Amino acid sequence: MTSHPIIDPMMDSATLAQNTLLDSKNDSQRTLDPYVTGTSVVGIKYKDGVLLAADMGGSYGSTLRYKSVERLKPVGKHSIVGGSGEISDFQEIMRYLDELVIYDNMWDDGNSFGPKEVHNYLTRVMYNRRNKFDPLWNSLVLGGVKKGQKYLGTVNMIGVHYEDDHVATGFGNHLARPILREEWNENMSFEEGVKLLEKCMRVLLYRDRSAVNKIQIVKLTEEGATSYPPYSLKTYWGFSAFENPTSGAEGSW
């Protein structure tokens, strides 16, 4: 049973309001459970820069409620962040990064944060919140190009991070990265990189119930970020395994 503070009926309204605020257990809200979530983000390096891809779905529990959620955002001049997991936490992270970019611009020293600095900052933020037992429920992909150097890394909700030539979050770690290990190469053209990302996103669409066929791709080169309009993947559902998925599973429904 929850106890409630005893309120003196003779107490004036200002004192009552102050005491109520001080005693309230609801004055500070935290994301204790993910509500609206996005699924995998996939990123690769290619010949001229970095490509990131994510679908536009936002799942409310197990319901694909939102179909136009952008989860790829530019950060400053040299970086792009993609986020899977809780959408509101991702928005909070982007608020942190906006403040970081504004503070950096205030120095007005001709320098600006590169992708490596942003990745290190995100790693510290995620690990710090994990240590407070108040994690941000996201896995992030950070890509960028600065002074001709391509950078691609990832960090999860407890601060585990690494950099690689191709990265993915969520189911992408299990379904997309085997494809990338097999087919990726460092001299891929932009068209080849987009085709490979589309293949990964199509497999995720087939196998991940939280994925939708509307995707967004963002490119970042030395000239800056280019965000392409979302579009729908072409799919084929006529495979025999899709038509009769339980044919080889004895005893299944």
Side-chain angles (χ1 to χ4, degrees), residues 2 24-43 52-75 79-100 118-143 152-162 164 166-177 197 200-218 227 230 233:
T2 303
S24 174
K25 296 181 180 179
N26 298 318
D27 57 333
S28 181
Q29 298 291 326
R30 297 287 185 267
T31 306
L32 303 179
D33 297 291
Y35 279 89
V36 180
T37 59
T39 185
S40 308
V41 179
V42 182
L52 268 64
D55 70 18
M56 306 286 288
S59 297
Y60 182 75
S62 60
T63 304
L64 273 170
R65 183 169 181 177
Y66 306 104
K67 306 294 177 64
S68 299
V69 180
E70 293 189 14
R71 296 184 288 119
L72 303 176
K73 302 288 186 180
V75 179
S79 309
I80 301 173
V81 172
S84 61
E86 171 61 40
I87 301 299
S88 63
D89 281 352
F90 180 61
Q91 292 170 338
E92 178 75 356
I93 290 169
M94 294 310 303
R95 187 178 69 82
Y96 293 162
L97 292 174
D98 287 342
E99 292 176 356
L100 187 72
V118 176
H119 189 206
N120 288 338
Y121 172 80
L122 290 174
T123 298
R124 296 300 94 205
V125 167
M126 303 301 273
Y127 186 64
N128 177 55
R129 290 291 292 264
R130 173 259 190 190
N131 285 344
K132 293 180 177 179
F133 293 90
D134 180 25
L136 294 161
W137 293 73
N138 299 101
S139 291
L140 306 171
V141 172
L142 187 285
L152 186 62
T154 182
V155 57
N156 68 9
M157 64 182 289
I158 61 174
V160 176
H161 63 283
Y162 62 91
D164 206 340
H166 47 76
V167 298
T169 66
F171 271 105
N173 266 321
H174 309 285
L175 301 175
R177 292 210 70 194
L197 285 178
C200 292
M201 300 306 292
R202 190 175 290 111
V203 169
L204 288 167
L205 172 63
Y206 289 151
R207 298 297 182 184
D208 182 359
R209 69 166 178 79
S210 297
V212 297
N213 70 330
K214 186 179 179 182
I215 69 168
Q216 182 184 23
I217 290 179
V218 176
S227 180
L233 290 171

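The model shown is predicted, which means the values in this text are computed figures rather than measured ones. Counting from 1, the numbers follow the sequence of the chain as shown.
Asp208 places a side-chain heavy atom less than 4.5 Å from the side chain of Ser40. Proximity of Val167 to Tyr162: side-chain heavy atoms (C-beta onward) are separated by under 4.5 Å at one or more points. Within the 4.5 Å cutoff, no side-chain heavy atoms of Leu136 are placed close to those of Glu86. In this structure, the side chains of Val41 and Leu72 come closer than 4.5 Å at one or more pairs of heavy atoms. Arg71 is listed as a side-chain neighbour of Asp55, based on a closest heavy-atom distance under 4.5 Å.
Taking CG of Asn138 as the reference point, atom CZ of Phe90 lies at 7.5 Å (rounded to 0.5 Å). Of the inter-residue distances, the one linking Met94 atom CE with Glu99 atom CD reads 11.5 Å to the nearest 0.5 angstrom. Atom CG of residue Leu175 and atom CG of residue Leu205 lie 11.5 Å apart, to the nearest 0.5 angstrom. Note that the CG atom of Leu142 and the OG1 atom of Thr154 stand 9.0 Å from one another [nearest 0.5 Å]. With rounding to the nearest 0.5 angstrom, the CG atom of Asn131 is 10.0 Å from the CD1 atom of Ile158. Taking OG1 of Thr37 as the start and CG of Asp89 as the end, the distance is 11.0 Å to the nearest 0.5 Å.
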Criterion side chain to side chain contact (heavy atoms under 4.5 Å, CB included) on Leu97 and Leu122, from CA distance to verdict: CA-CA 9 Å; Leu97 292 174; Leu122 290 174; 3.9 Å; yes
Assess whether side chain to side chain contact (heavy atoms under 4.5 Å, CB included) is satisfied between Val141 and Leu152, documenting all intermediate values. CA-CA 7 Å; Val141 172; Leu152 186 62; 4.0 Å; yes
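For the pair Trp137 and Pro135, the tightest heavy-atom approach, listed with the atom from each and the gap, is CD1-O, 3.3 Å. Taking all atoms of both residues into account, the shortest heavy-atom contact from Thr123 to Gly159 is CG2-O, 3.8 Å. When every heavy atom of Lys73 is checked against every heavy atom of Glu70, the shortest pair comes out as CE-O, 3.7 Å. Taking each heavy atom of Ser139 and Asn156 in turn, the nearest pair found is OG-CB, 3.7 Å. When all heavy atoms are compared, the tightest approach of Ala211 to Thr39 is CA-CG2, 4.0 Å. Of all heavy-atom pairs spanning Gly153 and His119, the tightest one is CA-CE1, 3.8 Å.
Contact check on Arg177 versus Asp164 returns a salt bridge, with a Lys/Arg side-chain nitrogen under 4.0 Å from an Asp/Glu carboxylate oxygen.
Residue Tyr121 places its OH atom among more than 12 non-hydrogen atoms of other residues, nucleotides or ligands, all under 6.0 Å distant.
For the pair Asp134 (side chain) and Arg129 (backbone), a donor-acceptor distance under 3.5 Å is absent.
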Cut-off 3.5 Å, no hydrogens considered: what does the side-chain donor-acceptor table look like for residues 56-69, sequence neighbours left out?
from  : atom 1 : to     : atom 2 : distance (Å)
Ser68 : OG     : Lys214 : NZ     : 3.2

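Using modelled atom types, one finds a donor on one side chain and an acceptor on the other under 3.5 Å when comparing Thr169 with Ser84.
In this view, Arg209 satisfies the salt bridge (Lys or Arg N to Asp or Glu O under 4.0 Å) rule with no residue, not counting sequence neighbours. Not a single salt bridge (Lys or Arg N to Asp or Glu O under 4.0 Å) links Asp98 to another residue, sequence neighbours left out.
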